[in-house]
Amino acid sequence: MRLLRTLLLAAAIGATAPMAAQQYKGKASYYSNSLHGRRMSDGSPYDKNSMTCAHRSLPLGTLVKVTNPKNGKSVVVKVTDRGPHHRRLLIDLSRKAAEEIDILRQGVADVVVEVVKKVKKE
């Protein structure tokens, strides 16, 4: 009987516990200034002063929080493009987003990417 109560309590706690957000760790880079004005995968022109990013698999329109673990700075960006095209990279940020989390000098930096709001598949 005690075991049954324990199992029921554990199931009830597990059912009400919030789900862990999707998190990914990897390397981030940022778009070159020469791409400013070029069309993104979602059809919009790239604006180096916007808060956007490129990701290979997340649906376009998804909002992600990108955090630089070295300084704790983070930014929320919208997936508007496909990429990065280098397999060692997880995400490409707009210049403004990279500036906000202080990765401009490094060019490539370790980041933690957390899905904030996922939209339906394209």
Side-chain angles (χ1 to χ4, degrees):
M1 188 65 163
R2 178 179 266 174
L3 178 62
L4 180 59
R5 264 188 287 173
T6 305
L7 289 174
L8 288 173
L9 181 61
I13 291 171
T16 60
M19 289 180 57
Q22 289 179 307
Q23 278 192 349
Y24 309 93
K25 292 181 181 180
K27 299 214 179 273
S29 64
Y30 59 93
Y31 283 103
S32 163
N33 282 337
S34 66
L35 296 176
H36 185 73
R38 287 220 179 145
R39 189 169 305 279
M40 310 277 280
S41 294
D42 70 350
S44 66
Y46 168 63
D47 179 0
K48 66 181 182 178
N49 298 309
S50 65
M51 297 301 229
T52 61
C53 71
H55 192 277
R56 277 190 283 281
S57 60
L58 289 174
L60 297 174
T62 298
L63 298 178
V64 295
K65 179 180 174 183
V66 182
T67 304
N68 181 344
K70 285 191 176 181
N71 60 21
K73 292 183 178 184
S74 62
V75 66
V76 175
V77 293
K78 183 178 179 181
V79 178
T80 58
D81 203 11
R82 290 291 168 226
H85 300 293
H86 295 284
R87 286 284 168 206
R88 67 185 180 105
L89 299 173
L90 174 64
I91 196 166
D92 272 338
L93 300 171
S94 64
R95 184 171 180 85
K96 180 68 173 175
E99 183 180 320
E100 291 286 321
I101 62 171
D102 290 335
I103 68 167
L104 285 181
R105 246 186 209 168
Q106 296 139 281
V108 175
D110 290 323
V111 293
V112 177
V113 176
E114 181 178 348
V115 175
V116 174
K117 182 180 177 189
K118 193 170 186 179
V119 296
K120 292 182 180 180
K121 282 274 187 191
E122 304 150 353

Open item on the list: Please give me the minimum heavy-atom distance between V115 and V64, naming the atom from each residue.
Closed with: CA-CG1, 4.1 Å

Open item on the list: Restricting to side chain to side chain donor-acceptor pair (under 3.5 Å), what partner residues turn up for D47, sequence neighbours left out?
Closed with: none

Task: Co-members of the apolar cluster containing V76 [side chain, <4.5 Å] - done: L63, V116

Task: Closest heavy-atom pair and its distance - L104, A98 - done: CD2-CB, 3.9 Å

Task: Closest non-hydrogen atom pair between V119 and L60, with its separation - done: CG2-O, 3.1 Å

Task: Approximate separation, where rounding is to 0.5 Å, of E114 CD and T67 OG1 - done: 7.0 Å

Open item on the list: Test of understanding: with side chain to side chain donor-acceptor pair (under 3.5 Å), list the residues that count as partners of T52, not counting sequence neighbours.
Closed with: S50

Open item on the list: Quick check on the hydrophobic clustering: are L35 and M51 connected, directly or via other members, by side-chain heavy-atom contacts under 4.5 Å?
Closed with: no

TODO: Provide the full list of salt bridge (charged side-chain N to carboxylate O under 4.0 Å, His left out) pairs with a residue in residues 53-63, sequence neighbours left out, each pair given once.
DONE: none

Task: Pairs satisfying side-chain hydrogen bond (donor to acceptor under 3.5 Å, both in side chains), at least one member in residues 93-106, at least two apart - done: K73-D102

Open item on the list: Per the salt bridge (charged side-chain N to carboxylate O under 4.0 Å, His left out) rule, what does the pair list look like for residues 23-32, sequence neighbours excluded?
Closed with: K27-D110

- [ ] First locate atom CZ of R38, then atom OH of Y46, and finally report the distance between them rounded to the nearest 0.5 Å.
- [x] 12.0 Å

- [ ] Is it possible for you to say whether V75 and V112 belong to one hydrophobic cluster, with membership spreading through side-chain heavy-atom contacts below 4.5 Å?
- [x] no

TODO: Give me the other members of the hydrophobic cluster that L89 sits in, counting Ile, Leu, Val, Met, Phe, Trp and Tyr linked by side-chain heavy atoms under 4.5 Å, directly or via other members.
DONE: V108

Open item on the list: Holding to side chain to side chain donor-acceptor pair (under 3.5 Å), I want the full list of residues that pass it with Y31, two or more places apart in sequence or in another chain.
Closed with: D81

Task: Under 3.5 Å: donor-acceptor pair, side chain of D92, backbone of A54 - done: no

- [ ] Return the orientation label for the Y24 and H55 ring planes: parallel under 30°, perpendicular over 60°, tilted otherwise.
- [x] tilted

Open item on the list: Donor-acceptor pair, distance only, cut-off 3.5 Å: does the side chain of S41 make one with the backbone of R82?
Closed with: yes

Task: ILVMFWY cluster, I91 and M40 together (side-chain gap under 4.5 Å) - done: no

Task: Heavy atoms from other residues, nucleotides or ligands near NE2 of H86 exceed 12 (cutoff 6.0 Å) - done: no

Open item on the list: Suppose we screen for side chain to side chain donor-acceptor pair (under 3.5 Å). Which residues come up paired with S44, at least two apart in sequence or across chains?
Closed with: D42

